[in-house]
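Below is one structure, written out as structure tokens, with a few remarks after it.
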Amino acid sequence: MRAKFNVCLLWPAPCFDWRMRLSTRLSLSLIAGVSVVSLGLTLYQTQAERRGLRRELQQRARIVAESLEKSAAPLLQGHAISDLQQLVIQVQNHERLVGAAIYGQQETPLAMTAGLEEIEAAGAGALRRAKQAPAGGGAFFSWKGRTTYVATLPIGGAAGSAGSLSIFLDAGYIDAQAIPLWRRALAGIAVQTVMIVCATLLFLRWSLRRPLAHLEKWLSDLRRGAPPEDPDLPEEAGFAPLKREAVRLATTLTAARAAAEEEARLRNAGESLWTEERLRVFIRTRLEARRLFVVSNREPYEHVRRGGAVECSVPASGLVTALEPILRASNGTWVAQATGNADRETVDDSDHVRVPPECPQYTLRRVWLTPEEEQGFYFGFANEGLWPLCHIAHTRPIFRSPDWEYYRIVNQRFADALLEEIAGEENPVVLLQDYHFALLPKMIKAARPDARVAIFWHIPWPNPEAFGICPWQAELLDGLLGADLVGFHVQAHCNNFLDTVDRLMESRIDRERFAVNRGGRFTYVRPVPISVPLSEEPAKPAPGESHLERLKTLQQVGVDVPMMGIGVDRLDYTKGIPERFRALETFFEKYPRYVGQFTFVQIGAPSRTHIPRYRDLTQEVTEEADRINRRFRTNGWRPIVFLPRHHSHKQIQPYYRAADLCLVTSLHDGMNLVAKEYVAARSDGGGVLILSRFTGASHELADALLVNPYDTEGLADAIHRALAMSPEERRARMARMRMYVREHNVYRWAGNLISELANIRLPAPDDGGHGAAPVAELASLAAGR
Ligand code: G6P
């Protein structure tokens, strides 16, 4: 425990164990090596010392024996036994001598020191070995636990020996002398051990701790997914293979991780993102062999004679943009009014033309209207009656009986055309579009109960009181309730529709299924918000590129300012364009530092110009722009640039990308696709969307600056807030809106609409279209919604 604690002072606790083991092993090896060497040396040293001391003892014994022999020889010859005894007693005083004896011939003891018998008995063997050497010898033996040396010498020369003598010397001191040597050696080993341990620890700390700690951190960073850099290891050769392997490991792991992430991203995006291709596959799967039929007033391709040539163009219509992919994906038929002056020249005998012209994928069936029919149906009932009725925008609806009659006739004309198209089809799927065709669902269903019919109402649905002013309200609702599915952009419009039906029709509202039940026939009502085709994140434009494009765009309209705003609308009184201009006026009043710094470009596509209210509006907007420009303009600068002409989708894109803000100030709008188009165009992540809270889009684009277009001051402040907004906030808001629009794009809208319709189980044919068989539950679109 103590050792552990001490070593912990050198290393942080988590690393203790393995480092402790490493240093223990290293130290033990060193200690063992040092000990073996040290002990070996000590052994060698003691042996050498012992040999030296023994030699010295043997020489000394020889000298003593020879001096004793010299004295003893004459006494022995003279048989002076008592003198001999005297002689050995004298010799006994010699240092280390423990005894001496003189023998006559036949080894008869003649004189000996006291107590020698005992020593002789103990060393009898050694004595015998010593005597075997004719010139005298010596041998060691143990007596009373001490080493003793006996040396013998013949008296009177080796040849004619008169006797012999032996002396016994204490050699115990020789062994005793080894003890301090061993003690010193062991003490040395102990000191070296301590030093080795300390040196090992210090070595590890200085030379290994830093690189190992780096390696440990690097590995843990790698595990957490930090971007891989080479591990910070010393350049010494020993670390090179470790470093090489670590780098390889990081490379492999990073590649594997990136592959896994990419796969997960693709899988996730594939599940959540709708694309044109996914819609195509989805339609084929859901509709099986059935074909899809779409009816709208506006045609997707218009043939127009310009000069001697016939040109084909796509009308500016959000509805067309939204429906094109569905038709392309399903090889269906689109029934629409012919509006181009060269339309007749381009159809076949059945009024069909294959479109798109460059790569035909579906059939356009054109329906011809007389000018009177178009006037009564389109300008009259649809756009002077239903349009202002459904948009609460303070323009009075005008209901004329002849217009209503034309509305009915034209609906029947379209019904007949569609019935011709679906004549050979079993269980056709029909998508009717908008307020121009409220009577069509019932007309189709009456003739073809096997058809699945949906109508999508692209504009708001008012509350029952507002709708109640329409003289033909019951006929309109009756016509609509012929559909299996009625779609709106937002839930509030669905609620208004059900409330209206509840108030005006003989029916039962099934709130649980969100459906109308008329004698057992169900019409489901669903919110399906329309969108734009953004599906993939396009590459961001290079900063230089977008700067140049912006300069070019502004130059085209004679504007040279650091800040610019954009508005793109049909010239329609529901769009709040005069309100927008008045808010701009207030903005320049309140924030005069923007004079000369900010210009607002308004693109206004002329629309429904046969209707006086629209002509008045165009005039009002032009006059308002002129008035405000007169008030604020300076040399070379004006606050508003009004462009009252049609711009194609492609022509509008540079304006969207150049604009610091986009103003959508509808007084009421079903959805408003300009808001989503602006978001879709901002792949650079910039721009602020100012959006009326009376649009369907405001229910989805929560990161826009939401405004009340009637509140002139509030709108002026929102313009200021947008221009003063920090780039971070602007980017964060735009990023969230882009993600939303990408995930809720038009392909998803189409997929949801078709899925809702395909999930409906129609009554069996023998029910005659009513009564008994209930319609199945609508499975909500778990995957798509
Ligand atoms: C707006 C509405 C659409 C409608 C269109 C008709 O864009 O939101 O739902 O279909 O007007 O425009 P048009 O030019 O054909 O009258």
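Atoms within each ligand, like the ligands themselves, are counted from 1 in listed order. These numbers come from the heavy atoms of this one structure, side chains and all, not from hydrogens, waters or symmetry mates.
- With rounding to the nearest 0.5 Å, the separation of CG in Asp484 from CD1 in Ile455 is 12.0 Å.
- The nearest protein atom to atom 16 (O) of ligand 1, hydrogens excluded, is given as Tyr378 OH, 2.5 Å; this is a heavy-atom distance.
- Across all non-hydrogen atoms, the minimal contact from Phe437 to Ser296 is CE1-C, 3.4 Å.
- At the top of the distance list for atom 8 (O) of ligand 1, counting protein heavy atoms only, stands His458 O, 4.2 Å.
- Ligand 1 lies out of reach of Asn297, whose nearest heavy atom is not under 4.0 Å from it.
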Could you list the donor-acceptor pairs under 3.5 angstrom formed between side-chain atoms of residues 485-494 and any protein atom two or more places apart in sequence or on another chain?
unit_1: His489; atom_1: ND1; unit_2: Ile530; atom_2: N; d: 3.4
unit_1: His489; atom_1: NE2; unit_2: His458; atom_2: O; d: 3.1
unit_1: Gln491; atom_1: NE2; unit_2: Asn495; atom_2: OD1; d: 3.0

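- The single protein non-hydrogen atom nearest to atom 14 (O) of ligand 1 is Arg298 NH2, 3.1 Å, given as residue, atom name and distance.
- You'll find the ring centres of Phe381 and Tyr407 inside the 6.0 Å limit.
- Looking from atom 5 (C) of ligand 1 to the surrounding protein, the closest heavy atom is Arg608 NH2, 3.8 Å.
- Leu279 CG to Trp749 CH2: the interatomic distance, rounded to the nearest 0.5 Å, is 10.5 Å.
- Between Met671 and ligand 1 there is no heavy-atom distance shorter than 4.0 Å.
- Those atoms of ligand 1 with a heavy atom of Leu319 less than 4.0 angstrom away are 10 (O).
- Scanning both residues, Ala382 and Tyr378, for their nearest heavy atoms gives CB-O, 3.4 Å.
- Taking atom 4 (C) of ligand 1 as the reference point, the nearest protein heavy-atom neighbour is Asp434 OD2, 3.1 Å.
- Given atom 7 (O) of ligand 1, the protein heavy atom at minimum distance is Arg570 NE, 3.9 Å.
- Residues satisfying the salt bridge (Lys or Arg N to Asp or Glu O under 4.0 Å) test with Arg328, not counting sequence neighbours, are Glu324.
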